[in-house]
Number of protein chains: 2
Amino acid sequence: MTTNATTLLTVLGDPTRQAILDLLLEGPQPVGELAALLPVSRPAVSQHLKVLKGAGLVVDRQEGTRRVYRVDPDGLAPLRAYLERFWQTAMDAFAQHAETQHADNQADKEKDR
Amino acid sequence: MTTNATTLLTVLGDPTRQAILDLLLEGPQPVGELAALLPVSRPAVSQHLKVLKGAGLVVDRQEGTRRVYRVDPDGLAPLRAYLERFWQTAMDAFAQHAETQHADNQADKEKDR
DNA sequence: CCGAATCGTTAGTCGTAACTTACGGTAAGT
DNA sequence: ACTTACCGTAAGTTACGACTAACGATTCGG
């Protein structure tokens with residue numbers, strides 16, 4: 001599922017989910033392994049993984065009796081695009097502001113004569 | 001103040017703060033103006049602006065009796081860097097995984113003979 | 001100097017979601 | 001078939017933060 005940047009940010013807002021993603025960054029891992037490395041119970045990890053999966057940030061594959069999760073790099077694409085666009089327009093606004101400031105200073109200098 | 005990506009994500013996790021940033025993207029605005037465009041009260045906006053300011057995402061300047069806020073583009077730098085690095089390592093892991101899969105398939109083919 | 005306008009802060013309420021416990025379900029081993 | 005291992009889900013509790021209301025501070029204008 002492809003998700004927009006707003007919901008992606010809300011999903012990534014939780015520290016536990018951030019920790020889960022950071023752990024999965026070092027390689028695919030089953031649920032129990034993740035829970036053992038985290039200060040929360042295993043069902044909690046399952047619920048977080050469900051949210052992450054719903055946001056398209058992770059994918060899972062059945063492996064015997066275990067469920068192995070891994071990060072989906074493409075899931076971050078909308079957020080990256082949003083941040084780039086945001087940063088771009090913010091920079092433009094700042095440049096325009098600096099220009100206006102500069103023009104004002106010029107005007108002040110003119111007035112000082 | 002320069003903030004790490006983790007706290008930046010937690011700060012950006014709130015929808016109201018996202019809306020505030022989106023409004024500030026169209027130009028610097030005072031608190032009252034923002035509150036008028038949002039479905040929350042003015043103090044709520046003030047508190048969110050305090051958080052955003054603490055994270056280095058916005059800066060404010062006193063203008064008479066009003067306080068004008070604007071986005072600080074550099075505040076997003078740590079998050080952008082984090083996402084790039086995250087995406088990079090996730091891609092590498094995926095590539096390595098695909099390679100291993102390929103090797104396994106090769107091995108299977110060898111075994112089939 | 002007094003009133004109006006704008007804002008930050010505090011105290012307190014309330015809703016939400018993160019968490020735990022308990023349960024059921026599936027797959028593999030003996 | 002029984003047991004063990006691993007996991008998802010449902011129900012219930014709790015903690016946290018987002019919000020409002022009330023107050024105090026600051027600045028400008030008349």
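Note on naming: letters A, B, ... go to the chains in the order of the sequence lines (proteins, then strands), and numbering restarts at 1 for each one.
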Whole-Å gap separating [atom2] ([N]) and [atom1] ([X]):
X	N	atom1	atom2	answer
K50(B)	dG17(D)	NZ	C1'	14 Å
D60(B)	dT27(D)	CG	P	14 Å
K53(A)	dT9(D)	NZ	C1'	14 Å
R66(B)	dA25(D)	CZ	C1'	18 Å
R61(B)	dG8(C)	CZ	P	14 Å

Inset, instruction - State yes or no: do V68(A) and V51(A) share one hydrophobic cluster built from I, L, V, M, F, W and Y residues joined by side-chain heavy-atom distances below 4.5 Å, directly or via other members? - result: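 Looking at the clustering, V51(A) is in a separate group from V68(A).
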Inset, instruction - Give a yes or no on whether W87(B) and V59(A) share a hydrophobic cluster (residues Ile, Leu, Val, Met, Phe, Trp, Tyr; joining criterion: side-chain heavy atoms under 4.5 Å apart). - result: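 No, W87(B) and V59(A) fall in different hydrophobic clusters.
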Legend entry - Crowding at CZ, R80(A) (>12 non-hydrogen neighbours, <6.0 Å):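 Result for CZ/R80(A): enclosed.
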Inset, instruction - Please tell me which of the listed nucleotides, dA18(D), dA11(D), dC7(C), lies nearest to the side chain of Q47(A)? - result: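 Within the option list, the nearest is dA11(D).
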Inset, instruction - Measure from the side-chain heavy atoms of R67(B) and tell me the nearest of dC7(D), dG8(D), dG8(C). - result: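 Selected nucleotide (nearest to the side chain): dG8(C).
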Legend entry - Sidechain-backbone polar pair: T3(B) side chain, A55(B) backbone, donor-acceptor under 3.5 Å: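 Yes; judged by distance alone, with no hydrogens or angles, the pair exists.
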Legend entry - Distance test, side-chain N/O of H48(A) to OP1/OP2 of dC19(C), below 4.0 Å: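 The answer is yes; a side-chain N or O of H48(A) sits under 4.0 Å from OP1 or OP2.
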Inset, instruction - Look at Y69(B) and dT6(C) and indicate whether a side-chain polar atom (N or O) is within less than 4.0 Å of OP1 or OP2. - result: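 Checking dT6(C) against Y69(B), no side-chain N or O comes under 4.0 Å of OP1 or OP2.
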Legend entry - Of residues 35-44 of chain A, the positions that come close to DNA chain C - non-hydrogen atoms, cut-off under 4.0 Å: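 Result for residues 35-44 of chain A: V40(A), S41(A), P43(A), A44(A), sorted by number.
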Inset, instruction - Could you list by number each residue of residues 7-24 of chain A showing a heavy-atom separation from DNA chain C of less than 4.0 Å, or answer none if no residue does? - result: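 Heavy-atom cutoff 4.0 Å gives D14(A), T16(A), R17(A).
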Inset, instruction - Please report the shortest heavy-atom distance between P78(B) and A5(B), naming the atom on each side. - result: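 Looking at all heavy atoms of both residues, the shortest contact is O-CB, 4.0 Å.
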State the [atom1]-[atom2] distance between [X] and [Y], to the nearest 0.5 angstrom.
X	Y	atom1	atom2	answer
L25(B)	R70(B)	CG	CZ	12.5 Å
L52(A)	L24(A)	CG	CG	8.0 Å
L8(A)	L76(A)	CG	CG	7.0 Å

Return a table of donor-acceptor pairs under 3.5 angstrom between the side chains of residues 38-50 of chain A and protein atoms on other chains or two or more places apart.
unit_1	atom_1	unit_2	atom_2	d
H48(A)	ND1	R17(A)	NH1	3.2

Identify the pairs formed between an N or O of the protein and an N or O of nucleotides 27-30 of chain C at a distance under 3.5 Å, and give each distance.
none

Legend entry - Residues which pass side chain to side chain donor-acceptor pair (under 3.5 Å) with T7(B), listed by chain and number, not counting sequence neighbours: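 For T7(B) the side chain to side chain donor-acceptor pair (under 3.5 Å) partners, ignoring immediate neighbours, are N4(B).
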Legend entry - Upstream residue (5' side of DNA chain D) when P30(A) and E63(B) are each assigned their closest nucleotide: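 Mapping each residue to its closest nucleotide by heavy atoms, the 5'-most match is P30(A).
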Inset, instruction - Give every residue pair that meets the side chain to side chain donor-acceptor pair (under 3.5 Å) criterion with at least one member in residues 19-39 of chain A, sequence neighbours excluded. - result: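 Pairs touching residues 19-39 of chain A that pass the test: D22(A)-Y82(B).
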